[in-house]
Every structure is written in structure tokens, then in C-alpha cells.
Amino acid sequence: MNELSTDNHKNSSSLSIKDLLKKVFFIDLIQGLFITFNYTFTKTITERYPDDEKWIPYKRFRGLHTLNRNKEGKELCVGCELCQKSCPTQCITVIPMEDKTGKGIADRIAYRWEINLLRCMFCGLCEDACPTEALKLGREYELASFSMQRQIRSKEELIKPQPIPVEFEGGVIVRATLEKGDKEIKVKPDLSVQKRWW
Amino acid sequence: MGQEEIRGLLPVLELYLSNPLVIMMLEILLIFIKVVVVTLVVFSLPLPLTYMERKVAGHIQVRLGPMRVGPHGILQPLADMIKLFFKEDIIPSKADPWLFRIAPVISMVPVFAVFATIPFGDKITIPFINYEVSMYISDMNVGILYVLAIAGLSVYGIILGGWASNSKYALLGGLRSSAQMISYELALSFACIGVVMIVNSLSLVDIVKAQSGWHWNIFYQPVGFVIFFIAGLAEINRIPFDLPEDEGTLGAGYHSEYSSMRFAFFMLTEYVAMVSMSILAVLLFFGGWNGPSFLPGIIWFVIKVVLCIYFFMWTRFTFPRYRYDQLMSIGWKVLLPLSLLNILITGLIII
């Protein structure tokens, strides 16, 4: 308290002519006005997400699971159930089956492969456990839906090719269009029109 | 109807217009039309102004402002208006119902009444019939006095609204606004007196006419203008001085308890007050509708008023809010003596 009062006293006694002129001509206020005026004409940093633009994450992003095929188009998943065993929240269900038709890379493929997204915490342990690199966490992150049933995703959907190719580097904002379906709302990206976010 | 027929009708029309009774009827009709037009325009002004304010705010803060309703969010104010219409109109159970209902109207009527004497341009002549129409509802010989007096009445609505809501925040907002209005009204009026002394008339039309040919009052009364502007900011409760609706300490200030259309009336009052303060600044200091002759006077007038409103919005998103004791000390210790000194020096120079 004492220090404060001495400080005030010092300030009032050392009020120079320059400070006085600064106050009289509102120099500080005018400087402030110029700063905000400059900001008015700088480019805005708003990402117009659902309407026009969408953020494409980096490759390392952990989003919705994908099941992959090898170059010949054979399913990489061998139904080993390691992902199911490694899952901390036990949200993965794998039922393997014998298959001699050559759909997969081995004689054993997944008969059912289901993930319950309501329980999944996207830790990526299943991805680490997978011996054939069949399972990857993809870049899909719009997971809201109109029904609970939709939150259980099965192999038939996850094995489809991804809308964003694996080679795509990510980390950019691209042009997008908002699409409303019966089950969910999706923002469809158009990778050809890009804009760096910084 | 061909050109020939119109020409043939003209003498008849002129004869008709020379009848004094017809002229009187026309004058009354004309005043009625002017009142209706001005009221409608002023009523619809808050719509573009809210949009402008939000866009200015957005771009100053490096964002976009409203974008989703219509192209570039241009229909946003309409959506807001519809929302306000259909919201529930709550009257707090312990509020004074009669005062609570009438307070928004009390604050709204004076700001509209101000427009009765504000001139928007010089006389214009309607072609063919050579009939002169003035661009103001009435040219009072005490115009500026009338404007200041009526605009000051609007504070009653704010105080009553704050009192009737039976809420401590609303009451504090109302009290603050009454103290603020009283202290800054003085400085505002004294700043106007400097202009009145130069022009030798209280009529707003005469004040503007005296400034024709770049003899704008801001060049003769710079100090007066600064005082007028600062006091004006305080009068219309805008940001460096918006203590009656200080969100940080008072919730929303005097309109905390209001919702729906009654709240919209308070908003309307605020925006119309801002417009009338900008118009007053333009009339008194920036030469009203005077300007280079390649544009008509009314356009110059609108441009100047819009720039002035933009400046009000610009300051709102630049400056922080003053503390209450700072507000009072600026009003009484700086602006009031300075405006008195301004009057004294103006008087000495004129003599």
C-alpha cells in the first residue's frame, strides 16, 4: 500500500510536457484506433467449416477405423482377434472363419468385425496390435448420427476405400460441401481446392 | 399519356396550385407524408445497423461476423427480428407491471421525436409543377435546443425500466445512466453553444447554411467538437462510457429483466439515439448536406452520417470501458471546465 502511494506520487510529479501533449491530443487512443483499423482489412482466420471449408487431418490422426486390403485386393485381416484382446474398453468384436476362396491373404478371415464407437476412445492400441497392418485408424472424424445403431460399424463398411486417399499428406483446409442424409450429416471434401491453414 | 398532353395539362395544374386552400391542403398532406416516411425509415434503421455493427466487430477481431443467413449473412437482422417477436415476454413477478410495460415506450418516443426538427437536405423542387418541398418536417427557430431537450427525456425510460424490474443490477444500471446523462448533458450543450455563437442562430437549417463552402464548424471549433463527441459517446451509452449496461459488473444493466419485444424497443432506442447523435455531429460540425456538387446534398449527408456511425462502432471495439469514478471525473473535472473555457474564448474572438 505504501509503495503504491509513493509510486503514484512519483508519477504525478514526473508528468512531463511530452506526456501532457500525448494526453491532450489523444495520441494513445488514436494509435489504438489505427491498430484496430488495420485489423479490419487483414484476412480473417475463420474456418467456414460445415458450409464451405473442411480441415483434413494429418496422416497420424486417429479417427474412424479402417480395414485395408493388400495390392492384389485381398483382405489383410486374418481374424486373429488380437485387436479384440488388446482393446482396453472391449469395444471390438471379432468372429473368425475358415475361408478357402482366397478372399483374404490367409485361409482365415474375419466373419464379423464390429466396433462400438460409443465405447471406443480412439487410443490406437488395436492398430498397434494388428500383425498384418490390416487395421488403421483413419481420418474420418464426423461421427455424429441420428441413431445409436449407426454407432456400431461393421467390416462391410470399414473395408470400403476411404474418401481421403492414404497418400494425401493432410494438414490443410479444403473446399467442402455440406450433405444431409437420412442417417447422418457429412461434409464432403473436395481435395483439389486447398488452402494452408496458417 | 404523351408529352403533348402533359404540357397541355400544366397550365391547369398551375392555376389549381395557386388556390390558397389547395396549397394549404397540400402542405398538410406533405407534412403527413414526411412524418410517415421519416418514422418508417428510422424504425427500420436498426436492422442494417445491427448487421453493420456485427460485421465491423467481426472484421476488427479478424473473424467474419454473420455469414450463414443469406449471402454474407445479409438476412441475419431479419432472422433476429423474427426471433425477438416470438420469444416469451416475461414480466418478473415482483416487478411493477405498469411501469415495466411503459418504460421501453417512454425511452423510445423521445428519440423518435428528435427527428421532427432534423433537416436532411436543402429544399428540392419537384419538376413540372415547380413545387418546393423542404427536406425537414419543421424548421424550428430553437431547433438545437429542442433536440437536446427531447433527447434528454429518453433517460426517464431507462431509469424507470431499471427501477420497475425490481432487480439490483437493473436498478444500478438505471442509476448509473441517470448520473451519467446529467453530467454529460451539460458538457454536450456547452459544446453546442460554441457553434451557436458562431452561427448566431439556434435553427439547425441556419447552422448548416452558415457552413456552406467548406466553412465547416470543425475547423473553427475543434475543441468544441472533441467535447461534443466525447459527451455524445456518453449520452448514447456507447463503449468507453457504456456503464449503464456494463456486462462485466451488472449482467446487462437496465434491461437485464427485459425480453422479447420490450427488449427490442430498448435496442431500437439505443440505435436510433446513435443515429441521431451522428446526425447532430454532422449538422453541427461537418457542414450537413454541404459538399462538392457532383453528388446531391442528401447523398453527402448520408455518407457523412454513415462514416460517423462507423466511427462510433470502431471506437466500441477498440477501447476498454472507463471506471465509474473515472467517468464522473472526466465529465465534471475535464469536459465541463474545458467547454466553459471554449465558450469564453469563442466569445472573446468573436468580439
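All chains are named by letter (A, B, ...) in the order of the sequence lines, taking the proteins before the strands, and each is independently numbered beginning at 1. Just so it is clear, the model here is predicted, and its values are computed rather than measured. These numbers come from the heavy atoms of this one structure, side chains and all, not from hydrogens, waters or symmetry mates.
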Trainee: Could you check if a side-chain atom of A:Thr36 sits within less than 4.5 angstrom of a side-chain atom of B:Phe317, using non-hydrogen atoms only?
Mentor: no
Trainee: Of the backbone (N, CA, C, O) and the side chain (C-beta and beyond), which part of B:Leu338 lies under 4.5 Å from a heavy atom of chain A, both, or neither?
Mentor: neither
Trainee: Looking at A:Tyr111, I want to see if its OH is surrounded by more than 12 non-hydrogen atoms of other residues, nucleotides or ligands under 6.0 Å.
Mentor: no
Trainee: Would you say A:Phe37 and B:Ile60 make side-chain contact, with heavy atoms under 4.5 Å?
Mentor: no
Trainee: Taking the side chain as every heavy atom from C-beta outward, state whether B:Arg68 and A:Asp51 have any atom pair closer than 4.5 Å.
Mentor: yes
Trainee: Just checking B:Phe319: does its CZ atom have more than 12 heavy atoms from other residues, nucleotides or ligands closer to it than 6.0 angstrom?
Mentor: yes
Trainee: Crowded around A:Glu133 CD? As in, over 12 foreign heavy atoms under 6.0 Å?
Mentor: no
Trainee: Is the NZ atom of A:Lys59 crowded by more than 12 outside heavy atoms at less than 6.0 Å?
Mentor: yes
Trainee: In this structure, are over 12 heavy atoms from other groups packed under 6.0 Å from A:Arg69 atom CZ?
Mentor: yes
Trainee: Sort A:Ile35 into side chain, backbone, both or neither according to what part of it lies under 4.5 angstrom from a heavy atom of chain B.
Mentor: neither
Trainee: Which distance, rounded to the nearest 0.5 Å, do you find between the CD of B:Gln61 and the OG1 of A:Thr44?
Mentor: 12.5 Å
Trainee: Nearest heavy-atom pair of B:Phe311 and A:Leu33: which atoms, and what distance?
Mentor: CZ-CD1, 3.8 Å
Trainee: Using non-hydrogen atoms and a 4.5 Å limit, figure out which bit of B:Val334 sits close to chain A: side chain, backbone, both or neither.
Mentor: neither
Trainee: Between B:Val226 and A:Phe25, is the side chain to side chain contact (heavy atoms under 4.5 Å, CB included) condition met? List the steps.
Mentor: CA-CA 10 Å; B:Val226 170; A:Phe25 290 104; over 6 Å; no
Trainee: Determine whether A:Thr40 and B:Val56 make a side-chain contact, defined as any pair of heavy atoms from C-beta on separated by less than 4.5 Å.
Mentor: no
Trainee: So for atom CZ, which belongs to A:Phe34, do other residues, nucleotides or ligands contribute more than 12 heavy atoms lying within a distance under 6.0 Å?
Mentor: no
Trainee: Give a yes or no on whether B:Leu295 atom CG has more than 12 heavy-atom contacts from other residues, nucleotides or ligands under 6.0 Å away.
Mentor: yes
Trainee: Nearest 0.5 Å please: distance from the OG1 atom of B:Thr318 over to the CD atom of A:Gln31.
Mentor: 13.0 Å
Trainee: Of all heavy-atom pairs between A:Thr46 and B:Arg63, which one has the smallest distance, and what is that distance?
Mentor: OG1-CA, 3.3 Å
